[in-house]
J.: 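Before we start, here is the structure in question, set down as structure tokens.
Below, read A as the first sequence line, B as the second, and so on, with proteins coming before strands; counting in each chain starts at 1. Just so it is clear, the model here is predicted, and its values are computed rather than measured.
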Protein chains: 2
Amino acid sequence: MPWFNKPTYQPRGKHCYVTGGSSGLGKALAESLVKQGAHVTIVARDVKKGEQALEGLKALASPSQIVTFISADLVDPTSSTDALIQCASLHGGQAPDYIFCCAGFAKPKFFVESTPEEMKDGFDGVYWVTAYTVHAATKMMVKQRRTGKIVLVSSFAGYTSFAGYSNYSPGKYALRGLADALRSEMILHNIDIHIFMPCGILSPGYEVENLTKPAITHKVEENDTPLTPEECSRRLENGLKKGYYQITDNLVTDLVRLRSNGGVPTNNFFMDTIYLLIGSFGVPIWRMTVDWEVRKARKGIQVEYEATGIYEAQS
Amino acid sequence: MPWFNKPTYQPRGKHCYVTGGSSGLGKALAESLVKQGAHVTIVARDVKKGEQALEGLKALASPSQIVTFISADLVDPTSSTDALIQCASLHGGQAPDYIFCCAGFAKPKFFVESTPEEMKDGFDGVYWVTAYTVHAATKMMVKQRRTGKIVLVSSFAGYTSFAGYSNYSPGKYALRGLADALRSEMILHNIDIHIFMPCGILSPGYEVENLTKPAITHKVEENDTPLTPEECSRRLENGLKKGYYQITDNLVTDLVRLRSNGGVPTNNFFMDTIYLLIGSFGVPIWRMTVDWEVRKARKGIQVEYEATGIYEAQS
């Protein structure tokens with residue numbers, strides 16, 4: 001439970017805005033929200049996938065529920081604002097009550113093998129795809145003197161990072177920086193900020209991610225067990241029901257959370273004290289094993305760069 | 001001391017590349033490096049300020065030291081790469097040994113009072129101004145099979161954040177995400193990554209920053225004592241000499257560091273254990289007082305937004 005507020009999450013009758021709502025976590029969450037009686041707007045770039053997802057949502061909704069799909073490229077600030085204005089027009093011009101920013105993707109790749117464009121696209125597709133929506137939504141909410149909830153989706157890789165995530169972790173850390181600044185600043189306007197820090201999700205995005213993932217990154221993650229989007233969404237909503245600020249979907253992330261949270265409101269005081277104790281020893285030990293794996297991979301990379309001509313010819 | 005490496009910081013005879021080298025921390029650091037016998041390239045956008053700083057450096061250098069200034073806009077990836085190639089040409093085409101990324105600025109402002117352009121410019125001037133240089137430098141170093149050190153400069157506001165820093169903390173957190181990913185990945189290439197987390201620095205940038213800083217942000221920071229650029233630079237180099245990965249310039253940041261480091265190599269094991277113990281209680285308490293200050297400012301902001309027409313007219 002947060003320090004001074006009672007949890008107030010209750011989607012029934014609320015207008016919920018879900019970016020990335022055509023697949024993965026966003027789709028599963030939109031379905032859950034519709035089942036709970038919310039009005040739901042999903043936003044996605046791909047029209048075909050968005051319309052398919054909308055059909056699925058309509059099949060779950062009662063006639064009184066307003067369920068819509070908007071196609072928008074959320075990496076653009078104007079499109080991000082326009083999408084919000086468009087969906088508000090179906091609700092008397094009012095800003096949505098709950099904003100869930102689930103859009104984003106990962107394409108892990110070694111830093112020195114990436115182009116500046118890949119670095120930038122990787123970053124934009126993690127950070128700005130959410131930050132512009134959060135910006136437009138808070139401006140609209142404050143202007144209309146409305147309260148509400150904004151949920152950012154970061155990642156385990158937004159707490160800590162390792163080889164392969166140089167174009168992904170910066171954006172996920174940046175989202176945490178934005179959430180930390182706004183959790184404080186939005187106290188001024190009674191808007192609740194939450195941030196979700198999931199591990200792997202068994203989504204179409206996860207399959208794409210695995211295509212470019214370096215071998216050492218796979219190795220470090222080999223013991224992870226990604227969750228289905230439905231289970232992941234259930235754990236996110238569970239955290240919201242409890243009023244948690246930083247919501248995780250497994251124990252390991254909880255251990256890292258307390259080593260990386262900068263003193264923000266914790267979740268369960270008793271459990272968090274135990275987690276902090278374990279994490280204080282456990283997280284650095286985990287980190288040492290990761291460094292060890294990377295160190296073991298060094299020789300192989302050097303041989304590969306020699307063969308592929310990434311190194312300059314030896315003189 | 002880091003886990004597996006002995007500290008190796010020794011600027012004498014090395015080619016040091018300092019972005020933001022015409023003022024503040026970068027200028028003070030460049031002077032110190034020249035005094036220690038390094039070849040120094042400073043990079044800055046403003047030609048006049050850069051040339052002035054260069055004169056100062058030349059006055060400190062012996063005839064055998066190569067000291068240069070390059071004017072470049074480091075928010076652009078091509079300029080960032082070109083600047084490195086240009087300075088390498090004075091050193092037989094070889095990449096610099098040490099890269100210090102001191103360029104950047106802060107313009108704190110409330111989120112809902114900012115435009116998307118201000119958000120983006122704020123971010124670019126913190127993150128990309130460094131990330132493109134780090135990217136170009138590591139590519140050049142790896143290609144040439146050279147080792148070296150890369151120092152990123154984040155901030156106290158890269159560990160934790162509060163009201164006023166929504167266009168600043170995301171970039172400073174992102175730099176920490178980049179450093180965390182690269183500290184791991186660059187084990188593959190024997191390149192050392194360090195990140196500096198200073199508090200306020202008494203520089204021209206600090207004065208600019210204070211012009212746009214909201215009252216509540218000033219209030220939260222009222223007990224801070226900013227350091228001179230020279231003292232700040234001395235503490236950075238002190239951390240490098242000890243081989244620290246995350247370098248701070250005061251005790252409070254050290255307390256926050258251990259709550260926010262995701263298990264990366266710690267500094268002094270004995271002191272860090274004590275800091276972690278204090279920080280585990282102290283950091284959340286500090287955070288509560290900050291929340292309390294923001295909560296107290298709420299009424300004043302609401303009155304102001306009422307008066308300035310940021311709120312829509314009440315119906």
J.: Would you say that A:Val142 contacts B:Glu312 through its side chain, given a criterion of any heavy-atom pair below 4.5 Å between the two side chains?
T.: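 Not touching, per the 4.5 Å side-chain cut-off.
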J.: How about B:Met186 and A:Val112: do any of their side-chain heavy atoms sit closer than 4.5 Å?
T.: yes
J.: So which heavy atom on B:Phe111 is nearest to which on A:Thr138, and how close?
T.: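 The pair with the smallest heavy-atom distance is CE2-OG1, 3.1 Å.
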J.: Salt bridge (Lys or Arg N to Asp or Glu O under 4.0 Å) with B:Lys139: which residues, sequence neighbours excluded?
T.: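 Per chain and number, B:Lys139 pairs via salt bridge (Lys or Arg N to Asp or Glu O under 4.0 Å) with no residue.
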J.: Does the plane of the ring in B:Tyr305 sit parallel, tilted or perpendicular to the ring in A:His189? Use 30° and 60° as the thresholds.
T.: parallel
J.: Taking all non-hydrogen atoms of both residues, which atom of B:Ala174 and which atom of A:Phe123 are closest, and how far apart?
T.: CB-CE1, 4.2 Å
J.: What are the two closest non-hydrogen atoms of A:Arg287 and B:Ser184, and how far apart are they?
T.: NH1-CB, 4.3 Å
J.: Quick one: pull up NZ in A:Lys120 and CH2 in B:Trp128 and give me the separation to the nearest 0.5 Å.
T.: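 Spacing of NZ (A:Lys120) from CH2 (B:Trp128) equals 7.0 Å.
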J.: How long is the straight-line distance from CG of A:Leu276 back to OG of B:Ser280, given to the nearest 0.5 Å?
T.: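 Between atom OG of B:Ser280 and atom CG of A:Leu276 there are 4.0 Å.
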J.: Tell me the closest heavy-atom pair linking B:Asp180 and A:Tyr173, and the distance in Å.
T.: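 Closest pair (atom of B:Asp180, atom of A:Tyr173, distance): OD2-OH, 2.5 Å.
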J.: Flag the pair B:Met119 / A:Pro77 as yes when at least one side-chain heavy-atom distance between them is below 4.5 Å, and no otherwise.
T.: no
J.: Quick check for you: to the nearest 0.5 Å, what is the distance between A:Ser114 atom OG and B:His135 atom NE2?
T.: 5.0 Å
J.: Report yes if some heavy atom in the side chain of B:Asp291 is under 4.5 Å from a heavy atom in the side chain of A:Arg183; otherwise report no.
T.: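 Counting from C-beta outward, B:Asp291 and A:Arg183 do come under 4.5 Å.
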J.: Under a 4.5 Å cut-off applied to non-hydrogen side-chain atoms, are A:Ile187 and B:Arg298 in contact?
T.: yes
J.: Only pairs at least two apart or in different chains count here, so list each side-chain hydrogen bond (donor to acceptor under 3.5 Å, both in side chains) that has a residue in residues 256-265 of chain B.
T.: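 Every side-chain hydrogen bond (donor to acceptor under 3.5 Å, both in side chains) pair that includes a residue of residues 256-265 of chain B, provided the two are not neighbours, is A:Arg259-B:Asn261, A:Asn261-B:Arg259, B:Asp254-B:Arg257, B:Arg257-B:Asp272.
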J.: Any idea which heavy atoms bring B:Glu185 and A:Ser166 closest together, and the distance?
T.: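 It is OE1-OG, 4.4 Å.
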